[in-house]
Amino acid sequence: MKRNGTLNSEIAKTLADLGHTDTVAIGDCGLPIPIDVKKIDLALKLGTPSFIDVLTELVAEMVVEKITIATEIHTKNAAMFAQIQSIVGCEIEYIEVSHEAFKEQLSTTKAVVRTGEATPYANCILHAGVNF
């Protein structure tokens, strides 16, 4: 039994297996996940767990070099973008793509962690950095 950190075994293993530039996504409960991509489904009910709770945990566990978000977040969920910046920081690179392009990029992620989040565009792709 782990003493602390991420207790979900699928998330812990996925993060441990990441190499530099590998990606893992966090999605709201409505994000379509490609059939051939590993889905780690944490959704329990609408809003639980929240996107922010999962993002906070993953950022604490991995080296994040950059983050991809949908440009639509600025007009459809600006408060969520502000929360993302408060967790991930403003000094890393933010890549902004259309929501359609974002969904296409999911096919190359190592996994998508599905949350219970039920607000629009509460999705991101975290790009792994290195710890040296």
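Count residues from 1 along the sequence. Just so you know, these numbers use all the heavy atoms, side chains as well, and skip hydrogens, waters and symmetry mates.
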Would a single hydrophobic cluster contain both [Y] and [X], if residues Ile, Leu, Val, Met, Phe, Trp and Tyr are joined by side-chain heavy-atom contacts under 4.5 Å?
X: Ile67; Y: Met80; answer: yes
X: Ile87; Y: Ile69; answer: yes
X: Tyr94; Y: Leu58; answer: yes
X: Val63; Y: Val59; answer: no
X: Ile33; Y: Ile26; answer: no

Straight-line distance of [X] [atom1] to [Y] [atom2], nearest 0.5 Å:
X: Leu18; Y: Lys13; atom1: CG; atom2: NZ; value: 10.5 Å
X: Ile95; Y: Thr68; atom1: CD1; atom2: OG1; value: 4.0 Å
X: Glu72; Y: Phe81; atom1: CD; atom2: CZ; value: 13.0 Å

Between [X] and [Y], is any side-chain donor less than 3.5 angstrom from a side-chain acceptor?
X: Glu117; Y: Thr119; value: yes
X: Thr6; Y: Glu57; value: yes
X: Asp17; Y: Thr14; value: no

Please find the pair of heavy atoms, one from [X] and one from [Y], that lie closest to each other, and give the distance.
X: Val54; Y: Pro49; result: CG2-CG, 4.0 Å
X: Ala70; Y: Ser98; result: CB-C, 4.5 Å
X: Ala128; Y: Gly19; result: CB-O, 3.4 Å
X: Cys90; Y: Gln85; result: SG-NE2, 3.8 Å

Assess the residue pair Leu31 and Leu106 against the criterion (side-chain contact (heavy atoms from CB on, under 4.5 Å)); give the C-alpha distance rounded to whole Å, side-chain angles, the decisive distance to 0.1 Å, and a yes or no. CA-CA 10 Å; Leu31 184 67; Leu106 294 176; 3.8 Å; yes
Check: [X] side chain, [Y] main-chain N or O, donor-acceptor pair, under 3.5 Å:
X: Thr48; Y: Leu44; result: no
X: Glu61; Y: Leu15; result: no
X: Thr109; Y: Val112; result: no
X: Asp28; Y: Ala118; result: no

Determine whether [X] and [Y] make a side-chain contact, defined as any pair of heavy atoms from C-beta on separated by less than 4.5 Å.
X: Ile40; Y: Arg114; answer: no
X: Ile84; Y: Ser86; answer: no
X: Asn123; Y: His99; answer: yes

Between Ser50 and Thr115, does a side-chain contact (heavy atoms from CB on, under 4.5 Å) hold up when you go through it step by step? CA-CA 6 Å; Ser50 73; Thr115 70; over 6 Å; no
Please check if atom [atom1] in [X] has more than 12 non-hydrogen atoms from other residues, nucleotides or ligands closer than 6.0 Å.
X: Lys38; atom1: NZ; result: yes
X: Lys2; atom1: NZ; result: yes
X: Lys110; atom1: NZ; result: no

With ring centroids as reference points, do Tyr121 and Phe51 lie under 6.0 angstrom apart? no
For His127, which of Ile92, Thr23, Asp22 qualifies under side chain to side chain contact (heavy atoms under 4.5 Å, CB included)? Thr23
Go through the steps to decide whether Asp41 and Val113 satisfy the test side-chain contact (heavy atoms from CB on, under 4.5 Å), and finish with yes or no. CA-CA 6 Å; Asp41 196 345; Val113 180; over 6 Å; no
